[in-house]
Amino acid sequence: MSKAMLGQTGYLAGLQCQRRLWLSANEPQLAEDRTPTIESLIAASAALELRARGLFGGGEVVSERDDVPAGAAERTRQLLADSEVSVLFGAYFELPGRTVRVDMLERAGESEWRLLRVKSAQRVKDEHLDELAYQLAVVRAAGVGIASVEVLHPDGKYRRQEGEVDWRAFFRRSDVTRDASYLAEDLPDQIEQMKSALALSEAPTIEASPHCRRPYPCRFWTHCTQSLPADWIGRLPALRAQYFHALSEAGVRTVAEIPSEFSLTRPQKNARRAILSGETAVFPELGRALVGSGPPSDYLDFEAITPEVPIFPGTRPYQTLPFQWSLHSQTPDGLTHRAFLAEGNVDPRKEFAHTLCDALRDRDLPILVYSSFEATVLEGLADAFPELKKDLERIRRRLVDLLPIARNGIYALAFEGSFSLKRVAPALDPGFSYSELDGIADGGSAAGAFMSIARQKVTRDEAERLRSQLLEYCAHDTKALIVLQQALNSCAARANTG
C-alpha cells in the first residue's frame, strides 16, 4: 500500500490536522505511547463489537488481511454477490487512494445494505459521524447500495437484571443516514487535500494550537511543541480556542506579548505572572481560601468504575460505581490511615457507603479532597441509600476542595498548564512523587484493574496483586493531599510575610 493511500484512521487524523496525518504515515515512531487507559478503551470497544455481532444470528466474516493482494477486498466482493449472505462483518474496500473496513453490512434488500458502526459511547458524537461519512462515501464509490447508516451503541436506559446481559436490550440502533450523507458530500475535496499532504516530502508546517486536543489529544504533541518557547501562549492553563486564535491573529505568540487589557482568567493571570517572573506566583486569595481547612484535617480520595457494560444487577451502562476509598486522619496519636476496597463480587456501593460513614461518623474536622468528584459520588449514594442520607450529607458538607484553592491562588512553572494532583503536589514538594508506585499510578488504570477483578478476568493470584496495588495507589493520593496542604500553607505564610 502506498504512502498516499488513505484509510479511515488517516482520514480522521487529517480532519484534525494534516501534520498529524503525515507524521502518522511517515514517522509514527515520534508519537507518544498510548496510555493504559486508552489501551483498555480500545480493547473494550473491540469486545463490544464482537458482542454486537451476536445480535445477527450468524454472518460472514472477512478475516483476510488488508495488505494481501486479492485478499480482503476480493473476499468482500464475493460475499456481497452471494444472495445467501445476510450480514457481513469486517467488509473491506480498496479504491484508488482510499481504503476502508466497516464493522457490519446488513442486507436491506436485493441490492442494498445497511452500514452499521459499533460505538461504546451512549450517544452519537460528531467524530462518529465523520467516521461514518468516510465509510459511506468509500462504500458507495465501490458500487454498493447503502439504504441506511446506523450506530449500534449502549442504551443508557438499559438496566442489567440477574444473569447474563440481554444484549438485544443493551444495544440501541441510531439512524444517522441524513447527517452522514450530508458530511459525505464534502469528502472528495477533503480526501484530495489529504492525499496531497501525504505525498509531501516532509511534514506540513502547522503550529500546535487547541485543535491538537480535539476531538482526541494528538500523540505527536510533545514532538510538535518541543521547539516552542517556554512562555508560548499555548502553555497557559485552559486557554479557550477562540482566545488562542485571537491572540495568534494579533501576532501574539508568547505570554510576555499578551496585552495587559486582554481578558484572562485568574489561573491564567497567575500563570502569566509566574512565567514572566520565572518564580512560583502566590496570591492573597490562597491564604484567605485556606482558612478553615486545617490542619488538623481528614484527607479523602475515591476510586470508581463506569463500565460501558454493566457488571452488577440493577446497574446501567456508564453508571458511576465507587469501589474504593482512602482516608488519612490526624488524631492526637498522630496520622492514621483507613481504607476500603470492595471484593468485586457484588455492587460495591452499599458497603462503600456504610464503611465510609462508620469511619467518619464521629469526626467533625474538614475533609480535604481534590475535585468535585467526591461530592458528586456522595450525592448519588445519598439518593441510593436513604437510610444513610443524613450521614452522607454531613460528610459532604465537611468537604474542602483544594483544587479551586490551588487553581486560583498559586502557579508554579512545573505545573506546565496542568492542575492535576499528580502534577501539582510533586511540583510544590519535589520530594514527593508518583514514580515509586508499582503498576497502578492513575485513576484509569485503577478502574481497569478493578473491572478485571469484578469480571473475573484474572487469576486469584493476579487479583491479589492488583488489590495490593490499588490500596497503595489510593493511599498515595491521600498522602498527596497531605503534602499539598502543607505546601499551600507554607506558600501562603511566606507570601504574607514577604
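Counted within 6.0 Å of NZ on K389, heavy atoms from surrounding residues, nucleotides or ligands total 12 or fewer; the atom is thus considered open. Residue E162 places its CD atom among 12 or fewer non-hydrogen atoms of other residues, nucleotides or ligands, all under 6.0 Å distant. Within a 6.0 Å sphere centred on CD of E164, other residues, nucleotides and ligands contribute 12 heavy atoms or fewer. Within 6.0 Å of CG in D383 there are more than 12 heavy atoms belonging to other residues, nucleotides or ligands. Open room surrounds OH on Y182; 12 or fewer heavy atoms of other groups in view lie less than 6.0 Å from it.
Between L368 and D401 there is no side-chain heavy-atom pair separated by less than 4.5 Å. Contact check for Y299 versus Q330: side-chain heavy atoms found under the 4.5 Å cut-off. Residues L381 and F352 form a side-chain contact, since some pair of their non-hydrogen atoms from C-beta on lies under 4.5 Å apart.
Remark: side-chain polar atoms of W325 are not paired, donor with acceptor, to backbone N or O of A339 under 3.5 angstrom. At distances below 3.5 Å, not a single donor-acceptor pair connects side-chain atoms of R172 with backbone N or O atoms of P154. Of the possible polar contacts, none joining the E303 side chain to the A447 backbone as a donor-acceptor pair under 3.5 Å is found. Checking side-chain atoms of R160 against main-chain N and O of G163 turns up a donor-acceptor pair under 3.5 Å. Between the side chain of E27 and the backbone N or O of L23 there is no donor-acceptor pair closer than 3.5 Å. A donor-acceptor pair under 3.5 Å links the side-chain atoms of Y411 to the main chain of G417, judged by distance alone. Distance alone, capped at 3.5 Å, is enough to place a donor-acceptor pair between the N270 side chain and the N408 backbone.
With sequence neighbours excluded, no residue forms a side chain to side chain donor-acceptor pair (under 3.5 Å) with S277.
Across all non-hydrogen atoms, the minimal contact from L327 to A359 is CD2-CB, 4.0 Å.
Ring to ring, F302 and F323 are not that close: their centroids are 6.0 angstrom or more apart. The aromatic ring centres of F432 and H476 sit less than 6.0 Å apart.
Checked options E131, E49, H153; the residue passing with K119 is E131 (criterion: side chain to side chain donor-acceptor pair (under 3.5 Å)).
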